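Report on the following structure.
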Amino acid sequence: MAQDHPLPSISPDVRRSWWTPARRDHFTGYLFILPQITGLTVFVLAPLALMAWYSLNEWNVLAGTFSFVGLGNYEKLATDPALPGVLWASACFSVGLVLFNLSLALLLAVLLNQKLAGTVVFRTIFFSPVVVSLVAWAIVWRFLLQQDGGINAVLRMLSIDGPNWLRGPTTAMTSVIVVQVVKNVGLNMVLFLAALQNVPQELYEAARVDGASRWTQFFKITVPLISPTVLLTSIITVAGSLQVFAQIAVLTEGGPGTSTTVLVYYLYQQAFQFHFFGYGASLAMLLLLIVGALTYLQWSLRKAWVYDND
Amino acid sequence: MTALLALAPTAFMTQAQAADGLSLRMAVWTGNAKHLALLNGIADAYKAKHPEIGTITFDTIPYDNYTTTLTTQIAGGNAPDLAWILESAAPDFVGSGALLALDETLSSTAGYDFADLSPSATALWRQDGKLFAYPFSTSPYAIFANLDVLAAAGQKTPADLIAAGSWNWQTVAAEAAAVHAKSGKNGVEIRDFDYKDWTLLTTIWDGWAARPWSADGKTCALDSPDMADAMTFLHKAIFKDGAIPGPGTSGDFFAGDTAFSITQISRASLLKDGAFKWDLVPLPAGPKGSYSVIGQAGIGVFKNGQHPQDAAAFLAFLSSPENSLKLAQFFPPPRLSQLNAETLGKTNPLLSKSQLEEVVVKGITTGKVSPSHTNNAQIAQQIRASLDAAWTPEADLTAVLSGACAKIGPLLAH
């Protein structure tokens, strides 16, 4: 005889535990990234928020006063007669650095990608400045570049009367760019080298069979296939070029005149030397905006020239 | 029992704090071992008399970025209790209200003799009749001469020139140019100038009665005829005569490769025994007559420091007549009773009585302090950037100087 007992009703909450495998996986995932998120919040996001707040205030460190000025610092920014010159110096430095750095890094990578004896030694030589202390590097170059320094001593041996490198507006900017390029070109060189070694050799073999010259192979095969690395290095180099400070502080202190006063050095002067911390913060926000805009621009344009394997 | 356990750590901490005592920190720019040994000796003597003080540390901040680093420490909530303050920063620090007025503490300290402090030495550090820093060093600029380098180039000694009444900038520049031409050594170095710290040019400008701004600080004077004459003299000495090493040229008087060095007498400590024969003489006369320039440094107590009253009490001890005399071997004191060759001679064995009399005592009593102004860093930066254009052989000095005035005029008037 069949018993006709109704089954007890089970509410969905009881049927399915809240602590599902999916939730457990999410929780575990968040635990893994918690240290990174904490670091990002404490050392990046919170200072960024504070910077935005400081830019709306004027802070007299000596007097100990902190007063809200609204957009006053941004109005000062818009009318600062020195700012166009500062932005021009920053643009000259960035353009010079990016062009010189990327082209030299690519050239070195292509040369050192050959199967020749001694390439490992040269790779080490070109990479070693990357790990040298930046300030120590700049101090040594300051001595080399002065009127009676090492560079001009070598030029004199060749009967060339070298300029006072760090005292002329053009030579000072060129010197700072070259010092920075020599310091960091090794990093981009290594990235390019890795990209070059990932280019399939059969593509070159096929191109040779078709009669393509070495230049054609380089521009039609090599450059497109390493274009993702070109994008990466250009973003890193552009962002880095806008943050240059130590080299300027050690080599030129923004001079002669204001010819090498780039944005970060100007920010440092305003905030830490002249004690206009609020205005310095507004300059920092401007720098953030410029770096963000340039990075977005590079990222947006990638589809036009970066080879996508997918 | 539970209550006792809960209180135990607190009681322990209180005992530990009492045992350790208060900590005072003083920012200084000297890293000289002798200077620090002297300061630490005075601090030890103070701690022996004041058991409530646990430690007194002297925190060396490099001179090049001293004021910037100090203000960054203040901004970061890590202000020292006391600090040396550069004369160039004096108007900003004194005018800001950051410093504690010292009159009450100093005048009420037994045996201090507050009235002994020279009014001219303390003028820069006063506001509204109150003293906001103790001028621990009032050091005249002078000329060190390397007598061996001069003799090798067949030039007269400064003593000979002074005796002949021809100790003036024209003669000195001629001798320096001759030294450079004959031996390749440097003629006159303006120590620490490095074509950046233009305030040191006051040591020459004052001979032409040329100052960067008017006495009231409101008008630019860089485009004055006196300044044009002074700068023309300097430019010719650098780029035509080779009397002064040009930009980017290395050299060091105390290494023995320079005939004359314009610097403060405290640099005498860099002289090495027997390395070369030397003399210390006053600055040469300029077209507008004899003059003297003094550099000053003060010690201030930060009002918002952790222990301002204890710091002020330590400063009273550090600057007492007895300790002022000890400090005088490196830092000329502001005390009138100690500004004589006999007293200074006891702590300055390197300098002769006549050097102390002519250079130190006369320099301090007649000298003008190097220029400083409210918002000094910004004004100084504008002048430095403008003067960069003057340090080339083909410079148009008139255009450079009027351009500098166009830059700093609004800042001075502000």
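Both backbone and side-chain heavy atoms feed into the values below; hydrogens, waters and symmetry mates do not. Letters A, B, ... are given to chains in the order of the sequence lines, protein chains preceding strands, and every chain is numbered from 1. Here the structure is a predicted model, which means the values were calculated and not measured.
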For [X], which atoms come within 4.5 Å of any heavy atom of chain A: side chain, backbone, both, or neither?
{"X": "B:S386", "answer": "neither"}
{"X": "B:N375", "answer": "side chain"}
{"X": "B:Q381", "answer": "side chain"}
{"X": "B:A75", "answer": "both"}
{"X": "B:N376", "answer": "neither"}
{"X": "B:Y195", "answer": "both"}

So which part of [X] gets closer than 4.5 Å to some heavy atom of chain B, the side chain, the backbone, both or neither?
{"X": "A:F143", "result": "neither"}
{"X": "A:E253", "result": "both"}
{"X": "A:W165", "result": "neither"}

Enclosure of [X] [atom1] (heavy-atom neighbours >12, cutoff 6.0 Å):
{"X": "A:F245", "atom1": "CZ", "value": "yes"}
{"X": "B:K130", "atom1": "NZ", "value": "no"}
{"X": "B:K196", "atom1": "NZ", "value": "yes"}

Listed partners of B:C405 passing disulfide (SG to SG under 2.5 Å), at least two apart: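 B:C405: disulfide (SG to SG under 2.5 Å) contacts with B:C220.
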If you compare all heavy atoms of A:Y268 against all heavy atoms of B:T68, which two are closest, and at what distance to 0.1 Å? OH-CG2, 3.7 Å
Under a 4.5 Å heavy-atom cutoff, which of B:L99, B:N304, B:T72, B:T69 has the most pairs with chain A?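 Maximum pair count with chain A is reached by B:T72.
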B:P247 backbone acceptor or donor facing A:N164 side chain under 3.5 Å: yes
B:D388 side chain near A:R167 side chain, heavy-atom distance below 4.5 Å: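 When only atoms from C-beta onward are counted, A:R167 and B:D388 do touch, with a gap below 4.5 Å.
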